[in-house]
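Remember, it's 1-based here, ligands and their atoms both numbered in the order they're listed.
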Amino acid sequence: MIHYLCVMVEIQKQIEQYSNEINVFTASDADSLEQFRIRFLGVKGIVKAMLGEMKNVPPDQKKEFGQIMNAFKVLAEEKYNHEKERVDALGGANKSNIDITLPGNPLPVGSRHPVTLMRNSIVEIFQRLSFTVAEGPEIEDDWHNFTALNLDENHPARDMQDTFYLSTDPAILLRTHTSNVQIREMERQKPPIRIICPGRVYRNETISARSHCFFHQVEGLYIDEHVSFADLKQTLYFFVKEMFGEDVKVRFRPSYFPFTEPSAEMDISCMLCKGDGCSVCKRTGWLEILGCGMVHPNVLKNCGIDPEKYTGFAFGMGVERPALLKYGITDIRLFSENDVRFLEQFSGI
Ligand code: DAH
């Protein structure tokens, strides 16, 4: 009897100790959890060993002891399941002893190019006026880049848009403006047409701080019945207010483009000197930002649209110049040099 008593006191003491150990246990990773499992719940584990001690318990106390043993077993199992859930939820990150509470290693993320940022904001404003984006090829034929735009073979205005030819056949060239897309779209679809055409264009020009042999434009075109110059002005007023702010003034100057009649150039008051005159606006107080006009009847005819029924306006603007102004960049060449020190300044914009 004494022997029994001693054994039972001993077992009870041990269970108490092991229970304390289980209660304070937290698995730092999957390995320590596995060690816990082997130690307590394994085939040769403590729980099994304790249960084995039942044979030493006198029959009249087996019931009471059975309950103690069972509670011990459940304690170990529950602890194991709870910790397993937690360790699994950490996705095994603890496996390699990584402190997952530390901030991660930042991955270098690229940033949008300033020209892309400017193009997107131009396009987005016109999309709000229900213009949809249309795109066309950069390698173009003579018809879509020049002839259909009322610039036939010997037209003097071609001089201002000398370009690069892709073969000895002068009919294949790099487009000099995005106006080719208005031709392609008018050939493709019937009015009403309301499109905005962003894209890259090329000209045979000497590269300097202010000009490049390739740059970007956004073209706009609206063709329908009864479209007037008033619609053109109101559309562009809206654009200027949204893009440059309420205080910016706008003026239209008569101009000439073979594909529009009448034609105009649109200036905005210089936002740097507020119209007083500075080096950026060449002391005029104005900055030229786009060309525009009412689509020439010959252009409509060239695309199979009846100029007696339909009228329309078009405009074209460069993307680099407003980007230079907006971001205070002084050399257009920076846009294409791919210098990461320059480009990374636009991250987060
Ligand atoms: N294509 C002209 C250029 O590159 C810009 C332009 C002017 C486009 C008037 C137009 C327009 O659609 O109506 O200089």
Task: Within 6.0 angstrom of Lys249 NZ, more than 12 heavy atoms from elsewhere - done: no

Open item on the list: Could you measure the distance from the CD1 atom of Ile196 to the CD1 atom of Ile122? Nearest 0.5 Å is fine.
Closed with: 8.0 Å

Open item on the list: To check you understand the geometry: which heavy-atom pair defines the closest contact between Phe131 and Ile195, and what is its length?
Closed with: CD2-O, 3.3 Å

Open item on the list: Measuring from atom CD1 of Ile68 to atom CE of Met50, what distance do you get when rounded to the nearest 0.5 angstrom?
Closed with: 12.0 Å

Donor-acceptor pairs under 3.5 angstrom involving side-chain atoms of residues 33-46: please list them, not counting sequence neighbours.
unit_1	atom_1	unit_2	atom_2	d
Glu34	OE1	Arg37	NE	3.1
Glu34	OE2	Arg37	NH2	3.0
Arg39	NE	Glu21	OE2	3.0
Arg39	NH2	Glu21	OE1	2.8
Arg39	NH2	Glu21	OE2	3.1

TODO: Verify the distance criterion only: is there a donor paired with an acceptor across the side chains of Thr147 and Asp142 at less than 3.5 Å?
DONE: yes

Task: Those protein residues which place at least one heavy atom below 4.0 Å from ligand 1 - done: Gln161, His177, Ser179, Gln182, Arg203, Gln217, Glu219, Phe257, Phe259, Thr260, Gly291, Cys292, Gly293, Ala314, Phe315, Gly316

